[in-house]
Every structure is written in C-alpha cells, then in structure tokens.
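Here is the naming used below: chain letters follow the sequence lines, and residue numbers restart at 1 for every chain. Excluded from the calculations below are hydrogen atoms, water molecules and symmetry mates; all remaining heavy atoms, backbone and side chain alike, are included.
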Amino acid sequence: MPEVSRLSQILPFILVSFILMLFLVSFIVSIIYKYQKRQHTYFTEVEQLKASHENELLKSQIEMQEQTFQNISREIHDNIGQKLTLAKLHLNTLNFNDTGKTESQVNNSIDIITDAINDLSDISRGMNSELILNSGLIKALEFEVAQLQKSGQYQVQLVVSGNAVFLNEDVELVLFRIVQEVINNIIKHAQATNITMQLNYTAVSLQLVVTDNGKGFLQTSYNGSGLHNMKKRTQLLNGTFKIQSPAMQGTTIIIEIPLTENN
Amino acid sequence: MLFHKLIIYFGTAIIILAFFVAMYFRKVQKPMYFRWVYLYIIMGIFLSVNTIFFIRFENVYAKTALVLQQVFFLTQFLCGSFIFLYSDVPIIKRKNKIIIIAILIFLYSIGYVLYLIKLAPYRFFMILLSLSFIVYPTFYYKNILIKVYRIQLLKDSLFWIFTGFFFCGCLSLPTYFPIKFAFKSIQFDYNNMASGLLNISLLLVYLFVIKSFLCLKYQD
C-alpha cells in the first residue's frame, strides 16, 4: 500500500514537470529554429550582395582598362604619332648637298624623337598600375602633378593632411584612376590654369578634393558617362562623390571613402 | 519526501559543479555580466546549504532558514537584474532597462513588506522573482529575433544564461499560484510537488550556467 501511495504522489509531479519541460523545450527549439532561419536568409543576402559587388568591381575594372586603352590610343595618335610623322618628314626631306640645313633637320628630328620617347615613357608610367601598387597613392599623385607641371600650362598643388595610411591596393588604384579621369576632364573641358589636389586623412575616412579655377559646368546639362563612372566607382568603395561647380567659378570634386572598410 | 531530498542533494551537486566550472574559467576574458553570474553561483551554494540545514534540523532552523532563503532569493533576483542590465540587448535602451528593473524591485519590495506585515502571502513576492526571470529573457529572445544575425546562438553564453532563467521562471511561476485546488479530487501532496518543481527549476539554471561558461571556449 505505501508503495502505491508513493507512486501516486510522484506520478502527477513527474507528469506536470514533463509537460512543462516539453513545452519550454519546444519553445526554445522554435526560437533557435527561427533565429537560424533568419540568420541563413541574412547570410544568403550578404553573399548575394558580395557577389554583385564583386561583379560591379570587375565591370568597373574592365571599364577602366577600356578607358586606358582609349587614352593610349589617343595619345599615340594625337601626340606621339604626330611627332614621329614630323621627324619622318624631316628625315625624308634631307638634302645632303646642303649640310647646314641637313644638320639642323637631323638635330630637329633627334629632339622630336627624344620628345616622343619621353612622352611614351610618361604614358607608360601613367598607365602602369605598378607605380600605384608599389609606391602608393600619394607617390602616384605626386607623379601626376609633376607631369601636369611639366606641361607648363597649369599651376598644380598636392596637399596631404592627417596621418596617411596605405589603403588596399585595388582601392588605391580605383582612386588614382578617378583622379586621372578628373584631370583629363579638366584638361579637355575646364580651361583652367590652377589645379589643387587635397588628400585629407582622418581616423575614419579619406577625403580627396580636386579643385580647378576653370569655367565650371552645369551638371544638369552634362550627360556624359565619365561622371557617372566616377560616381559608380566611388560607390563601389562605399564612398560619396560630390561636385560643386558654380558658373565661371571653377569646379570642386569631393570624394570621401571610409577607411575602416577599405584599409 | 525522499524524492524531494534527492532533488535537493542533486541540485547542490550541480551548483558545486557550476562553481568549479566557474573557477576553471576565472582567468578567461569574459563579458562584464559574468561577475554577476559568479555571485549568482555563490548565492546558489548558500541557498543549498541553507536548504540542507532546513531539512536536517527542521524544528530548530525553520525560521532562520526562511529569512535566509528570502535574502538569497533577493540577491539572485538582483544578480539576474544586473546580468540583464549589462547584457548586450540593444532593442531596449539602458535607461529603459533600469526603469524595468526599478519597477520590479519596487514591486518586489512592496510584496516583501506586505508579507512582513502579513497582508500578503510569502508566494506573492516570489511570483515577482519568477516574473522577472521571464521578463528579462523575453526581451533577449525578442532582441535575437529582431536585431541580431551574427552570433552563433548555441555558442552564445548569454543565450544559455537567459534560457536558464526562462526555464526557472516558467517552471517556478505555476508553483506559487493556488492551483492546488485543482488537485483536491486526487489524493496527492501538492506542496511537495510545488517545492520539487521549484528546486528542479533552480537546478536547471545552474546547468545552463555551466553551459554558458563552456561557451566561453568559443568566444573570439
């Protein structure tokens, strides 16, 4: 009898505890299941975003490469080709009976060919990403400034403030190509005489400012792909791209990228 | 009664095990709330010793045991509140956490005063303790289901601590309600069942606390 009584005491207790525990365990399992399902969705989305970002980056790199080819082609056609044609013309019209004139023509040809070789070397260095990958963004910009100053048409300044840090190589290359595009635009359209480039490093971001004193432009009337590409490339670096261009007061382009994500 | 005693001794063993596990991980870098987990374990040891003394010397120790039990429960409630306060549950601001804790402490105090002046039964303020152990984890669960993506839930210390609290709260809460009338028709000792369930709920917290310490192995 006492055995049966003890069992009847314990049984309801075990039953109630079991039901309660079962309910609680199911509740916790459902929370874990829901959380993991949400986490899985989140990571799938992140993966998709990453893949799309990589695609964009690749597309952007192909565009930059295409643009580089165009620049090389234009430089060869407009500049080096012209110089070499002129040198050929000089050499073709050599008159060996007139030694004085011949000497002058040969010397001219040598100067022109030397110029062409220098131009080729500059183009090669300007297009070569090794310079940026090895020396960093600041050195590459210093080279660009020196090139512009050599032309004698522009007063160019490069100002670096804050503690400069090396960014990811790809990021520095994209930034450098953007600056090259900006400079090309200034040369082609701005009619400027003064160009200032500023690199402002802060703890969290890098601000790149390019200012010229050219004629400026109306952003609403501009429909080329150059600006759009620059904006897109900046967005790829999770940065912001701003243009200030009041009429006849020059243009300022401000690019700001976060350092934490690109460092 | 034997079954009841068995649960108490087994629970004491689990708390002592939790203490040793906590000591083993004492030098591992831990989130701030773990200092309250340590206090929670120490209070658990006192509570166990107090209960063992009570079942051994029931006649002479009953009054003291009851007072000490209230003190230990109150300290455990405060530990739970501080764990909640220092935990990373961003869906609720720190200011709001303090308000929630303050409200619970206020209600707890009222319950205790009412009990002291014999206007409310003992269980009245114990209900608040159980409620707090349901409220805090509920916010945590809501948080992980709304805001958090990156943690591995099964390797997260906080998840196991709050799950322990949640089990404790949910299992102990019914024992304070006068549901014994439902069992009147069948002959069985409701009080024994209630205290057994309460002890199991406390024991479970410490099992989950041990798991939370073991999760420290996976932290970055």
Side-chain angles (χ1 to χ4, degrees), chain A residues 1-57 168 203-204 235-238 258-263, chain B residues 1-4 6-7 133-134 137-138 140-156 159-160 162-175 179-180 182-201 203-204 207-208 211:
Chain A
M1 181 64 186
E3 279 297 313
V4 177
S5 166
R6 194 169 289 165
L7 197 69
S8 69
Q9 293 283 315
I10 294 172
L11 214 60
F13 167 74
I14 292 173
L15 199 70
V16 171
S17 311
F18 180 74
I19 292 168
L20 267 171
M21 291 284 276
L22 199 69
F23 170 74
L24 287 173
V25 169
S26 328
F27 177 75
I28 297 299
V29 168
S30 77
I31 283 189
I32 294 171
Y33 174 73
K34 265 188 183 174
Y35 175 79
Q36 286 186 336
K37 206 173 147 190
R38 240 180 91 249
Q39 196 180 37
H40 181 258
T41 318
Y42 169 76
F43 281 120
T44 314
E45 278 171 13
V46 167
E47 282 301 313
Q48 279 170 354
L49 273 175
K50 220 188 245 178
S52 121
H53 184 265
E54 272 167 17
N55 270 344
E56 285 289 312
L57 203 66
N168 184 309
V204 288
Q235 279 163 1
L236 276 177
L237 308 178
N238 293 321
L259 284 184
T260 40
E261 290 161 43
N262 296 302
N263 198 342
Chain B
M1 195 61 187
L2 180 71
F3 188 64
H4 185 55
L6 268 176
I7 294 171
F133 277 10
I134 295 172
T138 307
Y140 173 78
Y141 293 139
K142 197 178 167 194
N143 181 56
I144 56 166
L145 290 180
I146 292 175
K147 272 215 160 176
V148 183
Y149 299 97
R150 292 188 175 276
I151 57 163
Q152 277 190 287
L153 213 52
L154 299 179
K155 292 178 181 175
D156 183 47
F159 170 73
W160 291 112
F162 278 132
T163 301
F165 285 165
F166 188 71
F167 269 62
C168 177
C170 289
L171 286 175
S172 60
L173 190 64
T175 64
I179 50 172
K180 61 178 161 189
F183 295 96
K184 257 192 169 173
S185 53
I186 49 170
Q187 287 297 310
F188 116 98
D189 186 356
Y190 172 79
N191 287 336
N192 212 11
M193 186 198 87
S195 57
L197 204 57
L198 178 65
N199 287 330
I200 283 184
S201 74
L203 179 160
L204 276 174
L207 279 177
F208 283 107
K211 174 66 186 161

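- The two residues A:Arg38 and B:Ile144 come nearest to each other via the heavy atoms NH1-O, 2.7 Å.
- Side chain of A:Gln39 to main chain of B:Ile151: a donor-acceptor pair is present (N/O by atom type, distance under 3.5 Å, no hydrogens or angles).
- Within residues 25-35 of chain A, the residues approaching chain B closer than 4.5 Å by heavy atoms are, in numerical order, A:Val25, A:Phe27, A:Ile28, A:Ile31, A:Ile32, A:Lys34, A:Tyr35.
- For the residue pair A:Leu20 and B:Cys170, the shortest heavy atom distance occurs at CD2-O, 4.3 Å.
- Taking the side-chain contact (heavy atoms from CB on, under 4.5 Å) definition, one finds that A:Glu56 meets it with A:Lys59, A:Lys232, A:Leu236, sequence neighbours left out.
- By a heavy-atom distance cut of under 4.5 Å, A:Tyr42, A:Phe43 are the residues of residues 41-53 of chain A near chain B, going up by number.
- Applying the side chain to side chain donor-acceptor pair (under 3.5 Å) criterion to B:Ser172, with sequence neighbours excluded, gives B:Ser130.
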